[in-house]
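Remember, it's a predicted structure, so these values are computed and weren't measured experimentally. As a basis for the values below, the full set of heavy atoms in this structure was taken, side chains included, without hydrogen atoms, waters or symmetry mates. Sequence lines set the chain letters: A, B, ... in the order given, protein chains first and strands last, and positions in each chain run from 1.
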Number of protein chains: 2
Amino acid sequence: MVTMRDVARVAQVSATTVSHVINKTRKVDPETERAVLEAIEATGYLSDGIGRSLRTGTTQTIGLAMSAISNPYFGTVVHAIERSISRAGYSLLLADTHDDPVRERRAVRDLLSHRVDAMVIAPSGEADSVLDALVQRRIPVVLIDRIPTRERPGVDAIGVVNEEPTARLVDHLAQIGHSRIATITSDPMLETTIERLSGYWNGIERNGLTRDEDLVQVGVRGSEETTDDAVATLLGLPEPPTAIVMGNNQVTIGTMAALQHHHMEAPRDMALVAFDDFPWANIFRPRLTAVSQPVDELGAGAVSMLLDRLADRDLPPRHRRLEPTLKHRESCGCTGLSTGT
Amino acid sequence: MVTMRDVARVAQVSATTVSHVINKTRKVDPETERAVLEAIEATGYLSDGIGRSLRTGTTQTIGLAMSAISNPYFGTVVHAIERSISRAGYSLLLADTHDDPVRERRAVRDLLSHRVDAMVIAPSGEADSVLDALVQRRIPVVLIDRIPTRERPGVDAIGVVNEEPTARLVDHLAQIGHSRIATITSDPMLETTIERLSGYWNGIERNGLTRDEDLVQVGVRGSEETTDDAVATLLGLPEPPTAIVMGNNQVTIGTMAALQHHHMEAPRDMALVAFDDFPWANIFRPRLTAVSQPVDELGAGAVSMLLDRLADRDLPPRHRRLEPTLKHRESCGCTGLSTGT
DNA sequence: TTGTATGCGTTATCAG
DNA sequence: CTGATAACGCATACAA
C-alpha cells in the first residue's frame, strides 16, 4: 500500500505538508504544492480513511439500520438517503434489522463498532433499550417511518401522519355505501400499525358503523400465509366484509394474492384501499386507491435532520410528520371521480 | 469513549490480556477472563473497528457499487448480498454509481478510501479503467449483472444468460403469428443490452422474419421520456409492430406508460414480452410474460465468489452465468398455455 | 499464564 | 512557509 510518507518521500517534503496539501488546511508554497500533487499522481496514492478516522475520531460514515423485507420501498428509501448523504460527504453503511429486536440490537452494535458518525433507524416495535444505549453514547440518531410516542434527547424522528389518512380511507368506503369494512395489518408492536389501527377505528365510529372486532385482522409479521389466513377468516364470517383497508404494502400483496385464490377481483367482488402506494401503481391493474408516502422526502428529511444534529448535538429532539397523499384510483370501486396520478 | 485500556484498568490486567480475551486468541486464566468480561460489561465497552482495522489491515467491510435507479431489483439484490455478507461477518458499504462512468469512478474511490476488503460492482458500460485500477490494487472484485467479455485476474463475474432467452421471447411471438416484432432497450453500452439485442436479432433471423432496423429502439439511459419517444416512433411507422420485446424492467415501465397514453392495452392492442420480471407480477394485470432473473441466487453467488477469492486471491477469474426463467403469462396474448407463477 | 513495547496511517500541536 | 513528534485504539512479537 502506498502511504502518505511514500508521497512525502517522492515529493521531498514532510508528511505534514502532504497532509496539509490534501486537506487544504494551511498555506503552502505553490511550488511545493505542485510537487506534492505530482507525487500523489505518480504514486497513485489514495488517502486512507482508517488512519484518518483513528486520528480525527470521525469516519464520515452514516449507518442505516432497517428491514429490507418489511419495507417494499426499501430501495427508494435507501436511495434517497444515500443521495443526500453522499452529497454531504458521507458514506452509507447498511445493516438489516429484519424488524426483529434481537437482530436489530446486533445491527446497531455492528454499526457502532464501525464507528458510524450517526445512524438512521427504522426501529422495531421493541427498540427502547437499543435507543437508550444510543442516547447514552450521545450518537446522533434519526428514527424513520415509525415515530415513538416518547421523545429522547439527541434522537430525531421522521415519518408520515398515519391516523387521519387511514380514517379518511374508511370515510371514503363508508361514503360509497360500505358498512362492513375490514382491516388487515401486520406487526401490532409497530408504531405505524398502532396509529393506522387507531385511524381505522376512528373512521368506523365517526361514520356510525358498528364496531366489530372480527373485522380486524392483525397479521403477525405480515408473512404471506398469515395474510392468507386473515382473508379466509374474513370471508368465512357470517357477515363478511365488502371492503378491506390494507395496513401496509406487504399486507396488500398478501391480501391481493389471497383474494386471487378465492377467485375474487377488486373492486368487483371486494373494495380495496391501502396504506402505502406502489411505484408502478398506474401501469398495472387494479389501480389501487392508496395512501402514498413521500418516500424521497422522508429520506431527504431524515438526512437533513441528521446533518443538523451532527452540527449541533444539543439540538432539542424533533419529530417531523409529513403528510401522505391519497391517490384516488379504482380499486375502491367508485369510478366516477378518479384523480390519481 | 471507553477503550480497551479502560477495561484493562477496571479488570486490573493489561490491555494485551483484554485483547486476547475478546479475540479468544490465547489461553487465559478463567478467573482473569471472568474479571475482564465483567469489566467489559461494567464499562459498556465496545471494540473499536477502526483501531483494529488500522492494526490488522482488514475492515471486515464489503463495498457495493451499483445504480439504484437502473435496477428495480435493487432492494432485492442489496438484501441478498447483505444477508450472505453479514453471515460471513462482514458489513456492507453502499455507493451509488447512477450507471454513470464518472460517478462510478467516484464511488469506487470512496469505497477504496474506506478500505473495503472487497467490492461487488454492477459495472457501467465504460468501467474498464476503473476495473484495471482495482486489479492493480489487487482488491477482490465481483461484477454483477453485466459480464464483460474480457477476463481480468482477480475479477469474478456473475449474471444471467441474456442472448438465448431473448431469442426465445422472439420465438414465442413469432410462433403465435407476429411478424412485426419490435424491441426497446436502454443504454447500448451495457453488456446486458448488447447481449439481449443480439438475442433479438437471432430470434428475428431464425424465424425468417425481415430484419428491420426501424423496429429497434435503443433508449438512452432508459429515461421515461425517451421510452415515450421510442413508442411514438414505433407506432408512427408505416407498418407498425404488433409486438414489443422490452429489454429491461425500466424500459417495461416506460413502455407500458407510453402505451397507456396511446390508449392501448396489452395484449389486446399490442403483445408485450419483457426481459426482467416484477416482484408482484402475479397480482397485478396485465400479467407480464417475462424472463425472470434469479435475483437471490445472483446476490448469494456474488458473495460466495467474493469469499472464495478473499480466502485465495490467486484463484483464476470465474465468470458464472445463471439461467433465467421464462414466466409465461398473459401479456403476450397467447392465453391457452399460461404456466407462470 | 501474563505483560511491555511497537507500529499500523493519519493529523494536531508545537517549534522553527 | 515547513517539519518533527506524538497520539488516536488496537493486535502482535517478544519477553518474562
Side-chain angles (χ1 to χ4, degrees), chain A residues 1-37 39-40 43-61 89 91 109-117 137 139, chain B residues 1-37 39-40 43-61 89 109-110 112-117 137 139:
Chain A
M1 207 197 135
V2 34
T3 130
M4 244 180 53
R5 308 184 74 89
D6 298 322
V7 175
R9 193 168 341 100
V10 172
Q12 316 243 50
V13 296
S14 74
T16 303
T17 299
V18 176
S19 173
H20 282 301
V21 167
I22 290 172
N23 302 315
K24 306 185 202 315
T25 177
R26 84 175 173 195
K27 271 222 100 51
V28 35
D29 188 290
E31 191 65 19
T32 318
E33 176 167 10
R34 209 182 42 74
V36 171
L37 259 17
I40 289 178
T43 53
Y45 170 76
L46 196 64
S47 70
D48 181 350
I50 297 299
R52 170 180 297 129
S53 291
L54 187 57
R55 181 59 233 235
T56 62
T58 159
T59 56
Q60 296 299 105
T61 291
S91 290
R109 269 185 78 91
D110 265 27
L111 259 19
L112 240 25
S113 238
H114 280 282
R115 271 179 96 128
V116 295
D117 293 337
R137 285 176 199 274
I139 159 162
Chain B
M1 206 198 138
V2 33
T3 134
M4 244 181 53
R5 308 185 75 88
D6 298 322
V7 175
R9 193 168 342 98
V10 172
Q12 318 243 48
V13 296
S14 74
T16 302
T17 300
V18 176
S19 172
H20 283 302
V21 167
I22 290 172
N23 302 314
K24 305 187 203 314
T25 179
R26 83 174 175 196
K27 274 224 97 53
V28 35
D29 189 291
E31 191 64 19
T32 318
E33 176 167 10
R34 210 182 41 75
V36 171
L37 260 17
I40 289 177
T43 54
Y45 169 76
L46 197 63
S47 71
D48 181 351
I50 297 299
R52 190 209 309 285
S53 291
L54 188 58
R55 179 63 230 243
T56 62
T58 159
T59 56
Q60 295 300 103
T61 291
R109 269 186 76 90
D110 264 27
L112 240 25
S113 240
H114 280 282
R115 272 181 97 130
V116 294
D117 292 338
R137 286 176 198 273
I139 159 163

[X]: what forms a side chain to side chain contact (heavy atoms under 4.5 Å, CB included) with it, not counting sequence neighbours?
X: A:R115; answer: A:T59, B:M1, B:D48, B:I50
X: A:T25; answer: A:H20, A:N23
X: A:R5; answer: A:T3
X: B:V28; answer: B:T17, B:V21, B:T32, B:E33

For the student: nearest non-hydrogen atoms of [X] and [Y], plus distance:
X: A:Y45; Y: A:I22; result: CE2-CD1, 3.5 Å
X: B:V18; Y: B:A8; result: CG2-CA, 3.7 Å
X: B:D117; Y: B:Q60; result: OD2-N, 2.8 Å
X: B:G44; Y: A:R137; result: O-NH2, 3.0 Å

Walking DNA chain C from its 5' end, the first of B:R115 and B:K27 to be reached, judged by nearest nucleotide, is B:K27
Name the nucleic acid region contacted by A:M4, choosing base, sugar-phosphate or nothing; use a 4.0 angstrom heavy-atom cut-off, strictly under.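 Answer is base: heavy atoms of A:M4 come under 4.0 Å of a base.
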#### Entry: salt bridge (charged side-chain N to carboxylate O under 4.0 Å, His left out) contacts touching residues 8-23 of chain A (sequence neighbours left out)
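Every pair satisfying salt bridge (charged side-chain N to carboxylate O under 4.0 Å, His left out) with a residue in residues 8-23 of chain A: A:D6-A:R9.
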Applied to residues 15-26 of chain B, the salt bridge (charged side-chain N to carboxylate O under 4.0 Å, His left out) test, sequence neighbours excluded, yields none
Next item on the list: Under the salt bridge (charged side-chain N to carboxylate O under 4.0 Å, His left out) rule, collect the residues that match up with B:R52, sequence neighbours excluded.
Entry: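 Counting only residues at least two positions away or on another chain, B:R52 forms no salt bridge (charged side-chain N to carboxylate O under 4.0 Å, His left out).
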Inset, instruction - Could you work out which one of D:dA11, D:dG3, D:dC1 sits closest to the side chain of B:N23? - result: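 From the listed options, D:dA11 comes nearest.
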Kindly state which residues belonging to residues 44-57 of chain B come within less than 4.0 angstrom of DNA chain C, counting heavy atoms of the residue only, listed by number.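 Correct list: B:L54, B:R55.
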Less than 4.0 angstrom between a side-chain N/O of B:T3 and OP1 or OP2 of D:dC10, yes or no?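 It does, given that an N or O in the side chain of B:T3 lies less than 4.0 Å from OP1 or OP2 of D:dC10.
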task: Return the value, rounded to whole Å, for the distance between atom CG of A:L112 and atom C1' of D:dG9.
output: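 Atom CG in A:L112 sits about 15 Å away from atom C1' in D:dG9.
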Rounded to whole Å, CZ of A:R34 lies from P of D:dT2 at a distance of 13 Å
Show me the protein contacts with nucleotides 13-16 of chain D, counting only N or O atoms at under 3.5 Å.
none

* Asked: For A:S91, which residues count as a side chain to side chain donor-acceptor pair (under 3.5 Å) partner, sequence neighbours excluded?
  ->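 A:S91 satisfies side chain to side chain donor-acceptor pair (under 3.5 Å) with B:H114 only.
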**Asked** Is there a donor-acceptor pair closer than 3.5 Å between any side-chain N or O of B:S113 and the backbone N or O of A:G49?
**Response** no
One would report the end-axis bend of the helix from C:dT1-D:dA16 to C:dG16-D:dC1, five pairs per end and rounded to 10 degrees, as 40°
Contact span of DNA chain C against chain B, any nucleotide atom under 4.0 Å from a heavy atom, 5' to 3', runs C:dT1 to C:dG9
